[in-house]
**Q** 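Mind having a look at this structure? Questions to follow.
The analysis underlying the following values was restricted to heavy atoms, covering all of them including side chains, and did not include hydrogens, waters or symmetry mates. Sequential numbering from 1 along the given sequence is applied to the chain's residues.
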Amino acid sequence: YLSKIIIDNAFINKNLTNFIILVFVVGFVFILSGIAKAVNEYLKKVIKLKITSDLTINSLSHLQELSLSWFQEKDAGEHVYKLNYDLERIAELVSVVPQNILVISVQVVFTFLILFFLNWKITLLSLLAIPLMYLFQRYFNKKINGVWRQIVKNTEFLFKKLIELFSHIKLVKAFGSDNLEVNNYLASWLININLQLKNVKLEIGSIFVGSAISKVIIGSIVFYGGYQVITGGMTLGTLTAVTVYLSQLFSLGDSFATTWRIVVRGLVSCERIEQLILQKPKVMESEYAQDLILNNGCIEVKNISFGYKTKP
């Protein structure tokens, strides 16, 4: 909106005083915006670290309550992956997503209100693009979600392979199967790389298609706005402001798509951690149980003998 004021009141009227004042106002707004973003990023990092710490402590405490037989049925690599990567994604989901959705929603509402104030016809035309943007984002997010689940599953398998390899390294060295183990790991790693590349291609395709759609829509509206400027139905400042806000509006759409990918990955990790949390120990401690305190303990052995049977 400041660009409209600068163009219409400063450039068109050739008013140097208004131009200088508006430049200082714009600079002040940019400085405040930069400070607000820096504080926001700092708070998000601190909150994420706090949530990750609490989740890790609670998950480890729950694991300690489970019976030994449960651990014997599970691989250590699965626990390592869940306690590191899955918990980190859940912390990101909890700390980043709510704030992003709130900020994006407020910005979208205010952007639409300003656009409607500037030119209600163009605002209504831009609303027609929402269903199209939703359909293509839904298509790509569904594809990305499926590939991401495969990536998580395969990466967890790689963790299992590594921990199994290092825990049995003496046997590997004794039987001289170093090359065999390395080749088996590399085969699984190549599968993971191909999945990662597939995910990257889908994300790039999503960005490219979204950018192409937004450019076509903005170009069409600018063409219509240029016609309005030439015929006197709109000022040049209004057209500039409308173009800037439309670009910001579609940029918010990209931000929402990025936030939604965080949601998808976080929900996948939530499902995996839920399986862990729902596990209950086979032997439940009574609520009236008391701690065993040994002040002066000792072990006594009485009437015990050992020997080998002699052959007849």
Side-chain angles (χ1 to χ4, degrees), residues 44-45 47-101 137-168 181 184-185 187-200 202-203 257-287 289:
K44 283 198 295 188
K45 296 293 185 182
I47 293 172
K48 181 181 177 181
L49 288 173
K50 175 62 176 174
I51 294 174
T52 303
S53 176
D54 291 343
L55 287 173
T56 302
I57 293 172
N58 292 333
S59 299
L60 280 173
S61 299
H62 179 73
L63 280 174
Q64 294 298 321
E65 296 176 355
L66 299 179
S67 58
L68 178 62
S69 60
W70 185 84
F71 285 95
Q72 291 174 337
E73 297 171 357
K74 301 291 182 179
D75 291 309
E78 179 180 347
H79 308 321
V80 173
Y81 187 86
K82 287 181 177 179
L83 292 177
N84 284 274
Y85 293 92
D86 280 329
L87 291 183
E88 185 175 348
R89 292 191 189 96
I90 294 174
E92 186 178 23
L93 172 66
V94 176
S95 62
V96 175
V97 171
Q99 183 184 17
N100 284 0
I101 292 178
Q137 286 289 353
R138 185 174 183 272
Y139 169 79
F140 278 102
N141 284 331
K142 186 176 180 180
K143 293 286 186 180
I144 292 173
N145 185 19
V147 175
W148 183 252
R149 289 181 180 274
Q150 296 179 46
I151 291 174
V152 170
K153 185 177 180 180
N154 191 72
T155 305
E156 182 181 89
F157 177 75
L158 290 174
F159 269 75
K160 294 178 182 179
K161 292 284 291 184
L162 278 178
I163 292 179
E164 182 181 350
L165 174 62
F166 290 132
S167 61
H168 298 86
E181 293 294 336
N184 289 337
Y185 179 80
S188 301
W189 179 251
L190 288 176
I191 295 175
N192 190 274
I193 291 177
N194 290 330
L195 289 172
Q196 294 280 1
L197 289 175
K198 186 177 180 180
N199 184 70
V200 170
L202 286 172
E203 290 185 351
T258 302
T259 302
W260 184 250
R261 292 191 189 102
I262 297 176
V263 172
V264 170
R265 296 177 180 182
L267 291 178
V268 171
S269 295
C270 285
E271 293 176 3
R272 291 163 50 80
I273 293 297
E274 182 184 21
Q275 298 173 2
L276 175 64
I277 299 300
L278 291 178
Q279 297 294 327
K280 302 296 181 182
K282 293 182 178 180
V283 179
M284 300 295 295
E285 188 177 79
S286 173
E287 58 178 329

**Q** Can you tell me how far apart OG1 (Thr259) and CD (Glu92) are? Round to the nearest 0.5 Å.
**A**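 Between Thr259 OG1 and Glu92 CD, I get 9.5 Å after rounding to 0.5 Å.
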**Q** Starting at CG of Asn194, measure out to CD of Gln150 and round the result to the nearest 0.5 Å.
**A**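 Between atom CG of Asn194 and atom CD of Gln150 there are 11.5 Å.
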**Q** Just wondering, are more than 12 heavy atoms of other shown residues or ligands nearer than 6.0 Å to NZ in Lys161?
**A**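 Yes - once you tally the heavy atoms of other residues, nucleotides and ligands closer than 6.0 Å, there are more than 12.
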**Q** In this structure, are over 12 heavy atoms from other groups packed under 6.0 Å from Trp148 atom CH2?
**A**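 Yes, the 6.0 Å shell around CH2 holds more than 12 heavy atoms from other groups.
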**Q** Is there a donor-acceptor pair closer than 3.5 Å between any side-chain N or O of Ser53 and the backbone N or O of Leu49?
**A**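 Such a contact is absent between Ser53 side chain and Leu49 backbone.
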**Q** So which heavy atom on Leu93 is nearest to which on Val263, and how close?
**A**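 In terms of heavy atoms, the two residues are closest at CD1-CA, 3.7 Å.
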**Q** How long is the span from the CG atom in Leu190 to the CG atom in Leu195, to the nearest 0.5 Å?
**A**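 One gets 11.0 Å once the value is rounded to the nearest 0.5 Å.
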**Q** Do Val96 and Ile47 have side chains that get closer than 4.5 Å, going by heavy atoms?
**A**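 Sidechains of Ile47 and Val96: no contact.
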**Q** Taking all non-hydrogen atoms of both residues into account, name the closest pair between Lys48 and Ala91 and its distance.
**A**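 Reported closest heavy-atom pair: O-CB, 3.8 Å.
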**Q** If I compare all heavy atoms of Phe140 with all of Leu202, which pair ends up nearest, and what's the gap?
**A**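 Distance-wise, the nearest heavy atoms are CD2-O, 3.6 Å.
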**Q** Once rounded to the nearest 0.5 Å, what's the spacing between atom CD1 of Ile57 and atom NE2 of His62?
**A**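 The NE2 atom of His62 is 16.0 Å from CD1 of Ile57, to the nearest 0.5 Å.
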**Q** Which pairs with one or both residues in residues 49-58 pass salt bridge (Lys or Arg N to Asp or Glu O under 4.0 Å), sequence neighbours excluded?
**A**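 Listed once each, the pairs are Lys50-Asp54.
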**Q** Check each of Lys82, Arg149, Arg272 against Glu156 using the salt bridge (Lys or Arg N to Asp or Glu O under 4.0 Å) test, and report the only one that passes.
**A**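 Testing Glu156 for a salt bridge (Lys or Arg N to Asp or Glu O under 4.0 Å) against Lys82, Arg149, Arg272 leaves exactly one candidate, Arg272.
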**Q** Minimum heavy-atom separation for Ser188 to Asn154, with atom names?
**A**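 Scanning both residues, the minimum pair turns out to be O-ND2, 3.4 Å.
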**Q** For the OH atom on Tyr185, are there more than 12 heavy atoms of other groups (residues, nucleotides or ligands in this structure) within a distance under 6.0 Å?
**A**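 Atom OH in Tyr185 is packed in, count exceeds 12.
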**Q** Taking C-beta and beyond as the side chain, do Asn199 and Arg261 meet within less than 4.5 Å on heavy atoms?
**A**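 With C-beta onward as the side chain, the pair stays apart.
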**Q** Where is the tightest heavy-atom contact between Thr56 and Leu83, given as atom of each residue plus distance?
**A**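 Minimum heavy-atom contact is OG1-O, 4.3 Å.
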**Q** If I take atom CG from residue Leu87 and atom CZ from residue Arg89, how far apart are they, to the nearest 0.5 angstrom?
**A**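 Result: 10.5 Å between the selected atoms.
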**Q** Could you grab the distance from atom CG of Asn58 to atom CD1 of Ile273, nearest 0.5 Å is fine?
**A**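 Answer for the CG-CD1 pair, Asn58 versus Ile273, is 11.5 Å.
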**Q** Nearest heavy-atom pair of Ile90 and Gly266: which atoms, and what distance?
**A**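 The pair with the smallest heavy-atom distance is CG1-O, 4.2 Å.
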**Q** In chain order, what residues pass the ring-ring contact (aromatic ring centres under 6.0 Å, His included) check against Tyr85, with sequence neighbours excluded?
**A**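 With neighbours one apart ignored, the set is Tyr81, Phe159.
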**Q** Could you tell me if Thr155 and Asn192 have a donor-acceptor pair between their side chains, going purely by distance under 3.5 Å?
**A**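 Judged by distance alone, the side chains do pair up.
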**Q** Could you give me the CA-CA distance, side-chain angles and deciding distance for Lys44 and Asn100, then say whether side chain to side chain contact (heavy atoms under 4.5 Å, CB included) is met?
**A** CA-CA 10 Å; Lys44 283 198 295 188; Asn100 284 0; 3.6 Å; yes
